[in-house]
> 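Below is the structure I would like to discuss, written out as structure tokens.
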Amino acid sequence: MPTIIAVDASLSMLRPVPGRNEHTYLSLATKGIQHLLDNFTAAGKLEHLALISYTTTAELKVDFTRDYDQIRQAVKKIETVDKACLLTMLKTSVSIMSTWGAQNLLQLVVFTDCGLGFGTTSISGFLETYAGKEADPEYAWLRTVANYNLNFICLGLHSQLFMTPVKNPETNEATSTPSHKSELGRTAVFELIERLCETSYKSTEVTLKCGSYFRMEAPVLLWPPTTPYEQPAVLGVEAEVRQIDQRIDVCGFLALSDIGSPATLSRHWVLPKVEREKTSRRSAGMAVVAKPAKLTLDTSNPNYELERLEQDIREFYAKDPKDTEESGDDADVTIVLKHSSGPQTEQQKECLCVLLHGALKMENMAALVRVGEKWYGFMYAFTDAKKKSNLMLNILPPGSNVIPWLGDLELLGFTEDLAPGETASFPVRADRRSYSQSSVVWIRQASLQSDVQKVLRHAKKMPDKTQHFYKELNRIRRAALALGFVELLEALAMLLEKECAHLTLNGASNECTVQLQHAATELRKTSNRDIKSTIVPHQKGGVPDASSSAAVASTAGYMY
């Protein structure tokens, strides 16, 4: 999830904060950015950050990076220039963010003293110019800004977003009206940063469960945080906003080659939740572990033996590790269990994410997970450009038939459930469509060049390849007419005439040159601009052979 940190570098940022002469607005903005970077560092440096400063122009100080030290150093070197222009900063941010696409959640954090600008560069001046010109291409970038998550750290007193509190000296209560003495300071700015991280940068916490064994369940964090999905109204069903469930269940496992690359709504890192407990010096050496209550089992229950075995397993794993030494009956077998009596660190504890990531990476498979009612996704081990592997979650659109080649996801089962003689294979066969035939695709220049060269190769081998020559010629002609690419027909006719002259000089057969000249003439005829018409080989006497015409017509299908 990329974030741009924008700093107001106008001259007004050099003003001292009222009541706190030791601070200026720019110094408070610098301290706020440092505190924001501290929060990102504590979260694991998951965010890609960029830094810009803006006045009447915007300058990119640090491009997107996870090396937060670069941003720490660049913030200290920001110099004030002239007046601020908020619209210039937004337009520059759109240009910088364009490389990330529209699928990512884009964040913009602005540190400013709430100055609205002066003259034509002010917000009021822009609105006067913008009125009545909303559809102009000049202002198309404003529609892109609507998709961003804008966060303004307002260091002024008249702001509405993340506004700093101001206390009334008479009642000592926080009010929204400014007074002669501001409570704006480092502590207040840090509180704004904490509120920002809580609202915009808080990971989504869910419970990941794999199987029915109680040890295969653990709390995990999803980064970037998930966003609500607005499901449109379809066939009388009202539109609704859906959120993923707080519990994600692993339904089964599939080969990565079977899943392929389906369309997804979002992609998230799956990270284990690390508990950071704060202990005092007095209680640092003691660890109190609450033992789970022992369940009372019913002996009349037919599953009594299985439940007792399950309870014994729970008690075995839940007991406190102690230094023990046990010896078996055989003198050669000695089991020594040596553990520290202190609490386990996070590195020593078992982790479901590590187990699942390692298994999926080794087996080259993905885990199909349920994230909601009739809503699925899949987890897999992803290796980035730096050869670092992570456990990823791709969330599919709601529904059970969102991967066409897998069919209905709720009908998938185990290979043991197959009937005798039945084989499990993907992709699932679909009904043959009327348009499922080979088509001409000219997205790149090389594709068009390859088709033309194929026609010329057949031309040089006439009369043996006469039928193949006219088949490919009609194929290109129909594709050009379907696309409205009429200029290709004249260019192809000129190319055939040049090839005819070249083959004549090299002593080619008379029939070859006649066919090339005939094909060039037919390409220029207006009657052959109909997509249903077919160019047939030239016959002696000027009357085409019926069998040749039928053969060409049967081999060439209509293409739209």
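Predicted model, so just to flag it, every value in this text is computed and none were measured. What you see below is based on every heavy atom in this structure, not just the backbone, and it leaves out hydrogens, waters and symmetry mates.
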> State whether a side-chain donor-acceptor pair under 3.5 Å links Y380 with N394.
yes
> Just so I know, are the side chains of P16 and Y25 near enough to count as touching, which here means a heavy-atom distance under 4.5 Å?
no
> Do I52 and I4 pass the side chain to side chain contact (heavy atoms under 4.5 Å, CB included) test, and can you show the C-alpha distance, the side-chain angles, and the key distance before you say yes or no?
CA-CA 7 Å; I52 65 174; I4 291 181; 4.0 Å; yes
> If the test is side-chain hydrogen bond (donor to acceptor under 3.5 Å, both in side chains), which one of T112, D113, T24 qualifies with S12?
D113
> Find the distance between CD1 (I5) and OG (S93) and round it off to the nearest 0.5 Å.
11.5 Å
> Any donor-acceptor pair under 3.5 Å linking the side chain of T88 with the backbone of A58?
no
> Is any side-chain heavy atom of Y148 closer than 4.5 Å to a side-chain heavy atom of V94?
yes
> Can you tell me if E47 and T3 form a side-chain donor-acceptor pair at under 3.5 Å?
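On atom types as modelled, these side chains qualify, holding a pair under 3.5 Å.
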> Can you confirm whether L106 sits close enough to L108 that some side-chain heavy atom of one is under 4.5 Å from a side-chain heavy atom of the other?
no
> Could you check whether any side-chain N or O of W405 sits under 3.5 Å from a backbone N or O of D258, counting only pairs where one atom can act as donor and the other as acceptor?
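It does hold such a pair.
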> Would you say that V220 contacts K273 through its side chain, given a criterion of any heavy-atom pair below 4.5 Å between the two side chains?
no
> Would you name the heavy atoms of P228 and V241 that are closest together and state the gap between them?
CB-CG1, 3.5 Å
> Is there a side chain to side chain contact (heavy atoms under 4.5 Å, CB included) between T264 and I395 once you walk through the steps?
CA-CA 6 Å; T264 58; I395 298 180; over 6 Å; no
> Is there a donor-acceptor contact under 3.5 Å from the side chain of R242 to the main chain of E373?
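Yes; judged by distance alone, with no hydrogens or angles, the pair exists.
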> Could you check if a side-chain atom of P224 sits within less than 4.5 angstrom of a side-chain atom of W269, using non-hydrogen atoms only?
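No, their side chains stay 4.5 Å or more apart.
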> Over all heavy atoms of both residues, which pair between A263 and P397 is shortest? Give the atoms and the distance, please.
O-CD, 3.5 Å
> Output yes when R72 and D67 qualify as a salt bridge under the 4.0 Å nitrogen-oxygen rule, no when they do not.
no
> Looking at residues at least two apart in the chain, or sitting in another chain, which of them share a salt bridge (Lys or Arg N to Asp or Glu O under 4.0 Å) with R247?
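In terms of salt bridge (Lys or Arg N to Asp or Glu O under 4.0 Å), with neighbours along the sequence ignored, R247 is linked to D249.
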> Please give me the minimum heavy-atom distance between D245 and V206, naming the atom from each residue.
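Closest approach of D245 to V206, heavy atoms only: O-CG1, 3.7 Å.
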> Do side-chain atoms of T30 reach the backbone of L26 as a donor and acceptor pair under 3.5 angstrom?
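It does hold such a pair.
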> How far does CG of L393 sit from CH2 of W223, to the nearest 0.5 angstrom?
15.5 Å
> At what distance, to the nearest 0.5 angstrom, does CG of D69 lie from CG of L37?
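Output value for this atom pair is 9.0 Å.
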> Can you find a heavy atom in the side chain of K374 that is under 4.5 Å from one in the side chain of L409?
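A side-chain contact under 4.5 Å is absent here.
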> When you look at Y68 and L36, which way does the side chain to side chain contact (heavy atoms under 4.5 Å, CB included) test go after all the steps?
CA-CA 10 Å; Y68 298 162; L36 179 62; over 6 Å; no
> H48 vs F64, test: ring pair (Phe, Tyr, Trp, His ring centres under 6.0 Å). Steps then yes/no.
CA-CA 6 Å; H48 287 85; F64 286 105; 7.4 Å; no
> From E217 CD over to I248 CD1, what is the distance, rounded to the nearest 0.5 angstrom?
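The CD1 atom of I248 is 12.0 Å from CD of E217, to the nearest 0.5 Å.
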> Nearest 0.5 Å, what's the CD1-NZ distance between I96 and K91?
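It comes to 13.5 Å.
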> Mark yes or no for whether N390, through its side chain, and M392, through its backbone, hold a donor-acceptor pair below 3.5 Å.
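Not confirmed, N390 side chain does not pair with M392 backbone.
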> Using only atom types and a distance under 3.5 Å, with no angle test, would you say the side chain of N401 pairs donor to acceptor with the backbone of G399?
no
> Are S389 and H357 linked by a side-chain donor-acceptor pair shorter than 3.5 Å?
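Their side chains do contain a donor-acceptor pair, which is all the 3.5 Å distance test asks for.
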> What pair of heavy atoms forms the shortest contact from I259 to I403, and how long is it?
O-CG2, 4.4 Å
> Would you mind checking if E59 and K61 are paired as a salt bridge, meaning a charged N to carboxylate O distance below 4.0 Å?
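Salt bridge present between K61 and E59.
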> Any luck finding a side-chain donor-acceptor pair between D8 and S10 under 3.5 Å?
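Indeed, the side chains of D8 and S10 share at least one donor-acceptor pair under 3.5 Å.
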> Treating N364 as the side-chain partner and L360 as the backbone partner, does any N or O pair qualify as donor plus acceptor under 3.5 Å?
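No, N364 side chain to L360 backbone: no donor-acceptor pair under 3.5 Å.
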> I'd like to know whether NZ of K31 has more than 12 heavy-atom contacts from other residues, nucleotides or ligands below 6.0 angstrom.
no
> Which atom names give the shortest non-hydrogen contact between T226 and T204, and what distance separates them?
N-OG1, 3.0 Å
> Please report the closest heavy-atom contact between C154 and L192, naming both atoms and the distance.
O-CD1, 4.3 Å
> Decide yes or no for F378 and L396: does some side-chain heavy atom of the first lie under 4.5 Å from some side-chain heavy atom of the second?
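Contact flag for F378/L396 side chains = yes.
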> Please tell me if the side chains of I33 and F111 come closer than 4.5 Å, counting only heavy atoms from C-beta onward.
yes
> Test F253 against C210 for side chain to side chain contact (heavy atoms under 4.5 Å, CB included), laying out the working first.
CA-CA 11 Å; F253 301 90; C210 180; 4.2 Å; yes
> How far does CE of M365 sit from OG of S257, to the nearest 0.5 angstrom?
9.0 Å
> Distance to the ring centre below 6.0 angstrom and angle to the axis at most 45 degrees; does that hold for R195 and F190?
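No, cation not above the ring by the 6.0 Å, 45° rule.
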